[in-house]
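Each remark here refers to the structure printed beneath this line.
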Amino acid sequence: MTSPVSSEAFVRFDGVQKSYDGVNLVVKDLNVDIPRGEFLTMLGPSGSGKTTSLMMLAGFETATHGDIFLNGRSINNVAPHKRGIGMVFQNYALFPHMTVAENLAFPLQVRKMGKAEVKERVQKALDMVELGVFGNRRPAQLSGGQQQRVAVARALVFEPDLVLMDEPLGALDKNLREQMQYEIKHIHERLGVTVVYVTHDQSEALTMSNRIAVFEDGRIQQLAPPTELYEKPENAFVAQFIGENNTLTGRVDAVAGGICEVVLDNGDRVKALDINTDGAGHGTTLSLRPERVFLNPVDGQCQNMFSGLAEEVIYLGDHIRVRMNICGHNDFIVKVPNSSDKKGLAKGDTIPVGWSIDDCRALDA
Ligand code: ADP
Ligand code: MG
């Protein structure tokens with residue numbers, strides 16, 4: 001996704017830490033620069049510190065250590081309502097006794113805007129989320145998806161420079177969630193507003209973001225655009241968390257020219273890209289995507305070749321998923337495109353399996 005992103009940090013977390021109890025740090029050392037116009041997603045498992053980080057940016061929690069800057073200014077001592085930030089949460093938080101239009105008017109009235117301008121802005125925001133004719137309804141008269149669109153409109157109605165969203169689609173069913181992902185993404189592209197988005201759903205993050213910060217246990221494990229996170233994970237956690245991944249563990253035997261030879265736990269030898277191993281003699285985790293593994297590879301296609309036993313073959317329409325026993329692992333996954341001539345494979349077959357050095361990453365154990 002492309003959008004006009006300036007190189008200057010609009011939001012900056014500088015050495016930010018947070019402890020709720022004075023003992024445990026739930027955010028350990030957050031350093032992130034977010035340029036104006038970016039859609040940045042904080043992605044990670046439950047409890048990894050995403051909401052806490054967002055709440056510190058919003059001003060509802062204070063950092064135990066470090067500084068947060070907005071537009072070059074430290075906001076540690078700026079009250080939440082003076083930060084000019086729009087917010088959307090999972091539970092919509094619409095006022096049930098007000099109509100949709102009144103819900104949207106509220107943030108404008110708080111800002112002492114004149115009646116005519118309020119009316120115009122409310123209509124514009126409702127049109128933006130395609131709810132232009134629903135202004136007189138109450139939230140309870142709308143579907144979950146429509147309510148969430150109202151919440152998005154309300155966060156944008158005062159034209160903030162920055163919008164924070166914390167799992168805003170978590171309560172919606174899968175189809176609606178996917179539709180809303182595109183809607184929010186398109187609104188971002190149209191308005192050029194800076195968005196910091198929190199989710200635990202990796203496909204949501206991949207769909208929507210310019211960059212993704214992968215959180216684990218209060219730390220960012222990797223911060224990169226979606227393609228890079230998927231193609232070039234820097235550690236085993238990111239490789240596991242983003243997309244499907246095969247993991248093989250072993251010990252580095254030799255390194256030369258950026259390529260290492262690894263002895264797996266069962267004695268098999270694999271050649272892999274040396275990403276960040278500690279060198280010969282040290283343990284490593286190999287990461288390999290299921291769609292980069294070939295069954296019956298043609299001559300010269302793969303530098304790594306083994307014999308695998310198909311334990312399970314599952315037809316999934318667009319592809320076939322094969323669970324194999326290979327290199328001492330029986331949970332090795334291979335994805336075969338449905339268009340492939342290898343789809344005649346059946347459970348119990350033993351066949352050659354291979355992958356290229358370029359698709360196999362040796363990571364710090
Ligand atoms: P995430 O949004 O990634 O699920 P949170 O930021 O909500 O993570 O939580 C990070 C950690 O901080 C968790 O261990 C959580 O239990 C704890 N925590 C969150 N909010 C509070 C709070 N208000 N008081 C005490 N502990 C909290
Ligand atoms: Mg959370």
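Positions are given from 1, in the same order as the sequence printed here. Indexing begins at 1, ligand by ligand and atom by atom, following the structure's order. Being a predicted model, the structure only gives us computed values, none of them experimental.
- Nearest non-hydrogen protein atom to atom 4 (O) of ligand 1 is Gly47 N, 2.6 Å.
- Ring orientation note: the planes of Tyr182 and His186 are tilted relative to one another, at an angle of 30° to 60°.
- Not a single N or O atom of Val26, backbone or side chain, sits closer than 3.5 Å to an N or O atom of ligand 1.
- There is a side-chain donor-acceptor pair under 3.5 Å between Thr52 and Tyr20.
- Looking only at side-chain heavy atoms (C-beta outward), Val157 and Leu108 come within less than 4.5 Å of each other.
- Across Arg323, Lys335, Arg292, a single residue satisfies salt bridge (Lys or Arg N to Asp or Glu O under 4.0 Å) together with Glu244, and that is Lys335.
- A cation-pi arrangement, defined by a distance under 6.0 Å to the six-membered ring centre and an angle within 45 degrees of its axis, is absent between Arg111 and Phe106.
- Remark: minimum distance from atom 3 (O) of ligand 1 to any protein heavy atom is reached at Lys50 NZ, 2.8 Å.
- Numbered from 1 in the order shown, with element, the atoms of ligand 1 that lie under 4.0 Å from a heavy atom of Pro45 read 3 (O).
- Of the protein's heavy atoms, Thr51 CB, 3.7 Å lies nearest to atom 7 (O) of ligand 1.
- Close approach to Ser48 involves these atoms of ligand 1, each under 4.0 Å from a residue heavy atom: 1 (P), 3 (O), 8 (O).
- The Mg ion (ligand 2) does not have Thr52 among its coordinating residues (no N/O/S atom, backbone or side chain, under 2.8 Å).
- None of Val193, Leu156, Val195, Val163 except one satisfies the side chain to side chain contact (heavy atoms under 4.5 Å, CB included) rule with Ile187; the exception is Leu156.
- The side-chain tip of Lys232 does not point at the ring of Tyr230 from less than 6.0 angstrom away and within 45° of straight on.
- For the pairing with Trp355, the side chain to side chain contact (heavy atoms under 4.5 Å, CB included) check across Val334, Val270, Leu286 returns one residue only, Val270.
- Near Gly49, the atoms of ligand 1 lying under 4.0 angstrom from a non-hydrogen atom of the residue are 1 (P), 3 (O), 6 (O), 8 (O), 10 (C).
- When hydrogens are left out, the protein atom nearest atom 19 (C) of ligand 1 is Tyr20 CE1, 3.4 Å; that is the closest non-hydrogen contact.
- Inside a 4.0 Å radius of atom 15 (C) of ligand 1 there is not any protein heavy atom.
- Polar contact check, Thr52 against ligand 1: a nitrogen or oxygen pair lies under 3.5 Å apart.
- Neither the backbone nor the side chain of Ser53 has a heavy atom within less than 4.0 Å of ligand 1.
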